[in-house]
Amino acid sequence: MRGEEEALVFDCLGAQLPGVLHPGAEQADCGVLVVVGGPQYRVGSHRQFVVMARALSTAGIPVLRFDCRGMGDGSGERVSFEELDAEIDAAVATLRSRLPKIRRVVLLGLCDGASAALINAHRRDDVAGMILINPWVRGNADGAHRPLRQYYLARLRQGGLWRKVSARQLKLFRSVGAFVRALADAGRQRSRFLGTARLAEPAFVDRMRVGLNSFDRPVLLLVSGDDLTGQEFLELCRSNPAWRTAVETARLRTRIVDGADHTMSSRKHLDEAVRECVTWLHEETGASVQVP
């Protein structure tokens, strides 16, 4: 199904942003825009965005991936993932102008790209949905402590750890040192957050929640089973009452990709994620697809 990919450049507030358009099916009326955060660019870690875009295009879904200002080959001053409204608007306009049959767009993002999608999607009527992969919420006050609970406590429950200890294969002092350093870093992060929590400008995590509350269209949440960032987001949704309410009232479908790391660097896990995306796009947006 995939046609010839097209390299292009479009304007964003005077900056020139390069992108690659994957055309998909000729009659497609719903496309996917890959939203990247920073520091990141249109290819993605381990070519993740390239692989996903080509797979979705093969299934009939047009995809545009691009560099933001100051990232990759994008010109201009670098902007935070919290400030990608101009990039998203310019990219959506480019996708729709290049493929005039496109009437609806789904925002797809990894990590802080997913966070940026949550912040921005509700602003546009032509955004038909979001695909969020391991959203970034480390700005939360308790975020610095979650990796400690999730990683180190999980390690203590693993039989392989104790087999290594008994076989003297584990450098115990180095591991203890890593734990102490992580604990100290968590304390510093928490102190910095609590020191700025009362600023007038809302934290980006709150903006994400407000964005989800304001978005009445479907959302696919993909969480890697072996990723602290994704697990941190799930814990926030479970433990924070406001987030729990937002998730319960949203049109949200959650899928766990067991064993996957943050960028789904294994082709097996990436293929599983693509299949979830294709199925969800068909069932929730009505997009005509072919399973890759």
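Bear in mind the structure is a predicted one, so any value in this text is a computation, not a measurement.
Side chains of L234 and I256 form a contact here, defined as non-hydrogen atoms less than 4.5 Å apart. Using a 4.5 Å cut-off on side-chain heavy atoms (C-beta onward), D89 and R123 make contact. For the pair H22 and L56, the minimum side-chain heavy-atom distance is 4.5 Å or more. By the 4.5 Å heavy-atom criterion applied to side chains, V50 and V20 are not counted as neighbours. Counting heavy atoms from C-beta on, the side chains of L108 and M52 come closer than 4.5 Å.
When hydrophobic clusters are built by joining Ile, Leu, Val, Met, Phe, Trp and Tyr residues whose side-chain heavy atoms come closer than 4.5 Å, directly or via intermediates, I133 is grouped together with V278. One hydrophobic cluster holds both V223 and V247 under the rule that ILVMFWY side chains link at heavy-atom gaps under 4.5 Å. V36 and L13 are not part of a single hydrophobic cluster, where members link through side-chain heavy atoms under 4.5 Å apart. M71 and F49 sit in two unconnected hydrophobic clusters of ILVMFWY residues. Membership requires side-chain heavy atoms under 4.5 Å apart, directly or through other members. Both F66 and L99 are members of a single hydrophobic cluster when ILVMFWY side chains are connected at heavy-atom separations under 4.5 Å.
Side chains of N134 and S224: a donor-acceptor N/O pair is present below 3.5 angstrom, by distance only.
Using modelled atom types, one side-chain atom of H269 and one backbone atom of D258 make a donor-acceptor pair closer than 3.5 Å. Remark: side-chain polar atoms of R209 are not paired, donor with acceptor, to backbone N or O of A246 under 3.5 angstrom. A distance-only check finds no donor-acceptor pair linking the side chain of E284 to the backbone of P218 [under 3.5 Å]. The main-chain N or O of S75 is never found under 3.5 Å from a side-chain atom of R69 such that the two would form a donor-acceptor pair. A donor-acceptor pair is defined here as one N or O able to donate and one able to accept, closer than 3.5 Å; no such pair exists between the side chain of N240 and the backbone of L236. With hydrogens and angles disregarded, a donor-acceptor distance shorter than 3.5 Å links the side chain of R96 to the backbone of I102. The backbone N or O of R275 sits less than 3.5 Å from a side-chain atom of T279, completing a donor-acceptor pair.
Nearest heavy-atom pair across L84 and A116 is CD1-CB, 3.8 Å. Between G211 and H122 the shortest heavy-atom distance is CA-CD2, 3.6 Å. When all heavy atoms of P62 and A28 are compared, the pair lying nearest together is CD-CB, 3.5 Å. Minimum heavy-atom separation, A114 to G109: CB-O, 3.3 Å. When every heavy atom of A91 is checked against every heavy atom of L64, the shortest pair comes out as O-CD2, 3.5 Å. Scanning all heavy atoms of the two residues, the minimum distance from S57 to G24 falls at OG-N, 3.1 Å.
With rounding to the nearest 0.5 Å, the separation of CE in M208 from CD in E82 is 10.0 Å. Atom CD of Q40 is separated from atom CZ of F81 by 13.5 Å, given to the nearest 0.5 angstrom. We find the OG1-CG distance between T94 and L21 to be 9.5 Å, quoted to the nearest 0.5 Å. Once rounded to the nearest 0.5 Å, the distance linking CG of L281 with CG of L220 reads 8.0 Å. Here the CD-SG distance, from E83 to C68, works out to 11.5 Å after rounding to the nearest 0.5 Å. Rounded to the nearest 0.5 angstrom, W136 CH2 and L118 CG are separated by 15.0 Å.
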message: Apply salt bridge (Lys or Arg N to Asp or Glu O under 4.0 Å) to residues R103 and D126 and explain how you reach the verdict.
response: CA-CA 7 Å; R103 297 183 295 105; D126 56 359; over 6 Å; no
message: Determine whether F233 and L132 satisfy the following criterion, side chain to side chain contact (heavy atoms under 4.5 Å, CB included), listing intermediate values before the conclusion.
response: CA-CA 11 Å; F233 181 76; L132 310 174; 5.5 Å; no
task: With side chain to side chain contact (heavy atoms under 4.5 Å, CB included) as the test, would you mind laying out the steps for R267 and V51 before giving the verdict?
output: CA-CA 9 Å; R267 188 57 185 261; V51 174; 3.7 Å; yes
- prompt: So L110 and H262, side chain to side chain contact (heavy atoms under 4.5 Å, CB included) or not? Walk me through it.
  reply: CA-CA 9 Å; L110 164 73; H262 183 65; 4.1 Å; yes
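A salt bridge links R54 with E5; the closest basic N to acidic carboxylate O contact falls under 4.0 Å. Using a 4.0 Å cut-off between charged nitrogen and carboxylate oxygen, R251 and D216 do not count as a salt-bridge pair. Salt bridge annotation for D67-R42: present, with a cationic side-chain nitrogen under 4.0 angstrom from a carboxylate oxygen.
Of the residues listed (D112, L221, V205, L222), the one engaging P135 in a side chain to side chain contact (heavy atoms under 4.5 Å, CB included) is L221, and it is the only one.
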